[in-house]
Undergrad: 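Here's a structure for you.
Residue numbering restarts at 1 for every chain, and letters A, B, ... go by the order of the sequence lines.
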There are 2 protein chains.
Amino acid sequence: MTLEISADKSINVSPEQERALEQRLRAAGMRMTRPRMLLAFLLFRHGDRHLTAERLYEEAKGEGLAVSLATVYNTLNQFLDAGLLRQVVVDSTRSYFDTNLGGHHHFFVESTGELIDVPSKAIQISDLPKAPEGFDMSGVDIVLRLTPKTA
Amino acid sequence: MTLEISADKSINVSPEQERALEQRLRAAGMRMTRPRMLLAFLLFRHGDRHLTAERLYEEAKGEGLAVSLATVYNTLNQFLDAGLLRQVVVDSTRSYFDTNLGGHHHFFVESTGELIDVPSKAIQISDLPKAPEGFDMSGVDIVLRLTPKTA
DNA sequence: ATTTGTGCAAATCGTTTGCATCTGA
DNA sequence: TCAGATGCAAACGATTTGCACAAAT
């Protein structure tokens with residue numbers, strides 16, 4: 001399985017990258033399919049990314065492989081389930097997927113929809129309430145909303 | 001203008017409550033209409049609330065006044081614009097409206113969709129990154145996600 | 001009288017699903 | 001071979017909008 005898309009278009013994937021991706025997907029119990037491989041490649045090739053399903057879909061098309069939007073959604077959800085991605089809730093109208101799995105927070109530029117990572121060490125929380133009786137605290141999400149400077 | 005809904009059903013609104021509501025709406029430049037008044041009453045009568053448009057719609061119907069869902073949405077959005085409500089983004093599938101305008105944060109029980117206020121003093125943040133060049137930080141949203149205790 | 005709000009149904013948007021068809025193991 | 005993946009179009013749920021009618025100033 002390679003990522004050669006067509007005669008005129010192909011993505012340069014090194015054998016190491018390919019092996020790494022394959023291991024990742026297999027470890028999650030998934031088959032290696034061409035759309036899946038391409039999407040994984042786009043998601044993970046350049047470090048941490050924040051993407052909308054729609055954006056990933058456009059990117060895949062731009063790279064020459066026409067995946068359907070439904071497959072992009074399905075694949076993203078499988079990656080989510082497999083723990084390869086995280087979801088970031090900042091905007092009630094769309095879903096963001098985050099390839100950065102470490103504990104961290106976000107700046108959110110409302111005007112552009114852009115997300116920027118904030119390492120968790122950059123925010124020091126000295127006091128946090130405990131979870132109410134009967135509950136565990138499963139996550140702490142911090143979103144720092146940004147607006148273009150007015151001055 | 002009163003909130004007598006029908007012959008068999010009416011809501012007990014004291015004249016003071018009514019005046020207070022009226023002032024609030026007028027200050028925001030809105031006319032006093034029956035649906036608006038009822039919704040404002042339901043929203044603000046019992047201190048801080050977190051509501052979904054759908055839930056407010058059901059509540060209004062239960063009180064005997066059939067407002068349309070579209071009007072509930074429109075009214076909530078107007079209240080948002082007027083600064084009478086805040087929006088809380090915790091779930092990418094629905095929007096929550098919050099009558100608590102003070103700075104505070106939330107517990108979110110994912111299993112039930114319930115939101116619980118956390119006063120801002122309950123969370124001490126000792127260090128926060130500054131906004132990137134050209135931006136102002138317009139808000140700090142903290143969501144503490146809760147799951148039913150597994151043990 | 002004029003402006004604004006309302007209800008309804010249709011439209012929209014992001015996302016999911018059913019099903020017939022392909023494909024990887 | 002055959003479970004699992006894909007594409008397409010239809011289905012979906014939340015929210016918005018267009019328009020004719022009603023109510024507030």
Undergrad: For nucleotides 1-4 of chain D, print each protein N/O atom paired with a nucleotide N/O atom at under 3.5 Å, atom names and distance only.
TA:
residue : atom : partner : partner atom : Å
D:dA3   : N3   : A:R31   : NH2          : 2.7
D:dG4   : O4'  : A:R31   : NH2          : 2.9

Undergrad: Sequence neighbours left out, what pairs pass side-chain hydrogen bond (donor to acceptor under 3.5 Å, both in side chains) with at least one residue falling in residues 110-120 of chain B?
TA: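 side-chain hydrogen bond (donor to acceptor under 3.5 Å, both in side chains) check on residues 110-120 of chain B returns B:H50-B:D117, B:N100-B:D117, B:H104-B:D117, B:H106-B:D117.
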Undergrad: In whole Å, what is the span from the OH atom of B:Y73 to the C1' atom of C:dG5?
TA: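 For the pair B:Y73 OH and C:dG5 C1', the rounded distance is 19 Å.
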Undergrad: Measure all distances between protein nitrogen or oxygen atoms and nitrogen or oxygen atoms of nucleotides 7-11 of chain C, and list the pairs falling under 3.5 Å.
TA:
residue : atom : partner : partner atom : Å
C:dG7   : OP1  : B:A66   : O            : 3.4
C:dG7   : OP2  : B:S68   : N            : 3.2
C:dG7   : OP2  : B:S68   : OG           : 3.4
C:dG7   : OP2  : B:T71   : OG1          : 2.5

Undergrad: Could you work out, with ring-ring contact (aromatic ring centres under 6.0 Å, His included) as the rule, every residue matching A:H105, not counting sequence neighbours?
TA: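 Here no residue qualifies.
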Undergrad: Each residue besides A:V89 in its hydrophobic cluster should be listed here, by chain and number; the cluster joins Ile, Leu, Val, Met, Phe, Trp and Tyr at side-chain heavy-atom distances under 4.5 Å.
TA: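 A:V89 shares its hydrophobic cluster with B:V89.
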Undergrad: Which residues pass the side chain to side chain donor-acceptor pair (under 3.5 Å) test with A:E16, not counting sequence neighbours?
TA: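 Once residues adjacent in sequence are excluded, the partners of A:E16 under the side chain to side chain donor-acceptor pair (under 3.5 Å) criterion are A:S14.
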Undergrad: If the helix axis at each end comes from five base pairs, how far does the helix from C:dA1-D:dT25 to C:dA25-D:dT1 deviate from straight, to 10°?
TA: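 If I round to tens, the end axes sit 30° apart.
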Undergrad: Only counting residues at least two apart or in another chain, list the ones meeting side chain to side chain donor-acceptor pair (under 3.5 Å) with B:N77.
TA: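 For B:N77 there are no side chain to side chain donor-acceptor pair (under 3.5 Å) partners, ignoring immediate neighbours.
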Undergrad: Closer than 3.5 angstrom, by distance alone: can the side chain of A:Y96 be matched with the main-chain N or O of A:A53 as a donor-acceptor pair?
TA: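 Such a contact is absent between A:Y96 side chain and A:A53 backbone.
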Undergrad: Suppose we screen for salt bridge (charged side-chain N to carboxylate O under 4.0 Å, His left out). Which residues come up paired with B:D98, at least two apart in sequence or across chains?
TA: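 B:D98: no salt bridge (charged side-chain N to carboxylate O under 4.0 Å, His left out) contacts found.
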Undergrad: Sequence neighbours left out, what passes side chain to side chain donor-acceptor pair (under 3.5 Å) with A:R49? Give chain and number order.
TA: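 So A:R49 forms a side chain to side chain donor-acceptor pair (under 3.5 Å) with A:E59.
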Undergrad: What pairs of residues pass the salt bridge (charged side-chain N to carboxylate O under 4.0 Å, His left out) test when at least one of them lies in residues 75-95 of chain B, not counting sequence neighbours?
TA: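 Passing the test, one end in residues 75-95 of chain B: B:D91-B:R94.
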Undergrad: side-chain contact (heavy atoms from CB on, under 4.5 Å) with B:S68: which residues, sequence neighbours excluded?
TA: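 Here the qualifying residues are B:A70, B:T71.
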